[in-house]
Every structure is written in structure tokens, then in C-alpha cells.
Amino acid sequence: MKAIEARDVVLSFGETPALRGASVSVAPGEIVAIMGPSGSGKSTLLHCLAGILVPNAGEIHFDGRRIDTLDENQRSALRRDCFGFVFQFGQLVPELTAEENVALPLLLGGVKRTAALKQARPWFERLGLAGLERRRSGELSGGQAQRVALARGLVARPGALFADEPTGALDSLTGEQVMDLLVVSAREQGTTVVLVTHDARVAAYADRQVIVRDGKVNALVRS
Amino acid sequence: MSVPLTLLGLLEREPSHGYDLKRDYDNFFSRGKPLPFGQVYSTLGRLARDGKIVMTEVEPGVGPERKRYVITERGATDVESWLTEPVRAEPNLQTVLFTKVVLALMLGRPAEEYLDIQRTAHLRRMQELTEIKRSGNLVDVMLADHGLFHLEADLHWIDTTVARLDALGKVVRG
Ligand SMILES: Nc1ncnc2c1ncn2[C@@H]1O[C@H](COP(=O)(O)OP(=O)(O)O)[C@@H](O)[C@H]1O
Ligand SMILES: [Mg+2]
């Protein structure tokens, strides 16, 4: 069974080849880390898997459905309804409070404001953020902002969470707390996770690691 | 360390005299601590006793330098499995890993594959240590961290070495 699959994905930015036949698959509920040197194509692969970028060749499947052939509107709906995202710099909306940020995917999905905020609030307790609900992103530390971003990524109980260097801007202890919470929360709700990181200690939180080199995926040899 | 296996590996290139083995060992693997002749010959003696090499007396004259050593099937199998097997993922393996990489390149074997296997073993161990951290007390966490940071350093070395394999191959093959 596969939740997410890329088959022979090719993608170039103009003359620059970023992916040259990348294949990878992720089982339902599995946490997979994509590792590799900088510029090897990790983020591009993640963006293809998440329906943000459309490959020049190859296929992307999610839950048994081919998604690279969907049009922009359909992919956008798929991302909103089925996927959560965490990026390196939390990318919280600065004008909104922390709890509004967490509630955002629900609001965008058509949930009423009161209900969305009610669903967002337990995440503050769960991620050690109690008391910070009304803060704006400028009033949060890096680690707090990234935990808010994590809550936002998971609040709508997405089928898959895509995280691109989610600890890249944090010191190692704070990064570990975020990873620990990510793993615990994703496991609790059975969310499949694709995690891009160049950091082996972060990748060690995943169930499995793959390495991207020169736009291709080396599945690590199973010993 | 792995003097017997290193000498066996050197013998897999070609049958050699004891002094050739010592010279190449000192060149590539001894890092400033030359292998005493006595140890070369006692090691070769044990390898011969165990059927991993045989001695041939092909040249006239007297003394040990008339002898050339030839690796046997059993010896070659030892080298093969040593190179292929990842080292147990413990910190501070640089010496063993370095020896394996250089020997693999000398023998024209797939050094990158061995390093990939080693990387996998390292990552697996890092996963185990991370799991211990996630469930253990503070002392466990700190011990696991020590291992994790060292294994991470090994991984950086492995990645850099992979990037340098072509250049390194030219150096060790002369
Ligand atoms: N938007 C873009 N425009 C042009 N080139 C890009 C773009 N995004 C990535 N690239 C190039 O594609 C390659 C892969 O990039 P990326 O997937 O970001 O690598 P990684 O995440 O592993 O560091 C690199 O050579 C990078 O310069
Ligand atoms: Mg990237």
C-alpha cells in the first residue's frame, strides 16, 4: 500500500535540471525523511509530491489517485483538503494571532470562525504553547513560531504533512523538541509525513530515510 | 586494529614480499606509526597457518625476503566480506572506515557502495538512539546524544569522502 508515490519524475527550471527521474513511495502513516546535499533536488521533489509543482515527465500519485494531471484549481483544492505544510521559516501570517494562524486551514476550508478557533485551541496545550494563543508571530520565539506552524499543518487532520527543513532555523535542542512533537502528533492522527532535511539527526526521527543525489533518489540499502 | 585484514587486502592486489607489504601499509594506513617488521612476519605467519595465504619461495638466496606471499580463496573471501559488511555503527570509526575505503579503491572495488552501506548502518543506529532519547530519562538522553553527535560526524566524513572518491582513487592507485 502506498499513500504517496513519485514515478520517474523529471523537472527542469529552464536549463537547470532539478529532478532527473526521481522515484519514491511512502506508505500510509509512514514518516520518511528526504536527505541529500544542498541543491540536489529535495525541495523540488517535495513540491512535486505535494502538488505544488507539476513535473515535466513522470507521475505523482496520492491515495491511489494521479495528481500531476490535475489542473491548478484541482491541485489547489487537494492541497487545501488533504495536505498540511511546514516550512523552514514558520511563515505565519503576521497580522493574525497564533490561534488564528493555527485555525487558518480550517477557515480556508469553510469552517466557521468560532468552530475553527475551538478546534485550534487544544493544540496550544498539546504543543506546550498554552498562554500564547493571542500572540502575533513577532511576539513568539523561533521554536514557538515553528510549533504554531506545526499545529497549523496538522489541525485539519491532513492525510499528508509536507515539511521542508522544519528545524532549519532552530538551534538543535529547540529543533529536537519540534521534531519530537511532529512525530508524536503525526503518529497520533496517522498522518503520513514527508520531511526534507539535510540534518542526519533530524532525519533519525523518521521511520525511513532516502537520499536525493543529482535529482535522483537512492533508496538506502536495507541491511 | 585490522592489520591482518589490511595485509590480506594488500595481497589481493598481487603476491608480495613482506617488505612490500610493510612499505604500502606504512604509506597508506600507519599514520606515522610504522608497522614493525616483527609484526608483519608474525601476522603473515598466522595468516599462513590459517590457510588465508601461502608462502612461495621463488627466488634464490636466504632469509625471509625470498618468500612471496599469495592470497588464497579463503583469504580473498575474508577480504570480500570485511569490505562489504558495514562496521558496527559506533563512534570514532574513522580509522577502520578510512582503511576500508583506501583498500577498496586499490582493489578497484565499489567503495561508494560500501560507504552507502555504512551510511545506512549509521542512520539505523541514529534512529535507535533517537528512539532511546524519546523514551528515556535524562541520563539516557545525554548518552544517546553523545553517540548521535559522533555518528553525525562520521556521516559528514562519509559524505565528503564520497565526493572525493575519484581524486582519492588516483592517489592510491598511483
Ligand atoms: N525556482 C527555481 N528556479 C530556478 N532554479 C531552481 C528553482 N528552484 C530550484 N532550482 C534549482 O534546482 C536545483 C534543485 O534545487 P532544490 O530542489 O531547491 O534543492 P535542495 O532543496 O536539495 O537544496 C538546484 O540546482 C536549484 O538551483
Ligand atoms: Mg531545499
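The sequence lines fix the lettering, A, B, ..., with proteins before strands; numbering per chain opens at 1.
The parts of B/Leu148 that come within reach of chain A are both its backbone and its side chain, each placing non-hydrogen atoms under 4.5 angstrom from that chain. Heavy atoms of B/Asp145 lying under 4.5 Å from chain A belong exclusively to its side chain.
Residues of residues 193-206 of chain A lying under 4.5 angstrom from chain B, judged on non-hydrogen atoms, are A/Asp199, A/Ala200, A/Arg201, A/Ala204, A/Tyr205, A/Ala206 by number.
Closest approach of A/Ile211 to B/Arg119, counting heavy atoms only: CD1-CD, 3.2 Å.
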> side chain to side chain contact (heavy atoms under 4.5 Å, CB included) between B/Arg134 and A/Val183: does it pass, once the steps are laid out?
Replying inline: CA-CA 10 Å; B/Arg134 297 189 53 232; A/Val183 168; 3.6 Å; yes
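Counting heavy atoms of neighbouring residues, nucleotides and ligands inside a 6.0 Å radius, atom CD of B/Gln39 exceeds 12 of them. Residue A/Glu188 qualifies as enclosed at atom CD: its count of foreign heavy atoms under 6.0 Å is above 12. Atom NZ of B/Lys22 has more than 12 heavy atoms from other residues, nucleotides or ligands within 6.0 Å. With a 6.0 Å radius and a threshold of 12 heavy atoms from other residues, nucleotides or ligands, B/Arg164 has its CZ atom at or below the threshold. At most 12 non-hydrogen atoms from other residues, nucleotides or ligands lie less than 6.0 angstrom from CZ of B/Arg74.
With rounding to the nearest 0.5 Å, the separation of CZ in A/Arg213 from CD in B/Glu112 is 5.5 Å. For the atom pair CE (A/Met35) and CG (B/Leu123), the distance works out to 5.0 Å, reported to the nearest 0.5 Å.
Taking B/His156, B/Glu128, B/Glu152 one by one and counting their heavy-atom pairs under 4.5 Å with chain A, the maximum is reached by B/Glu152.
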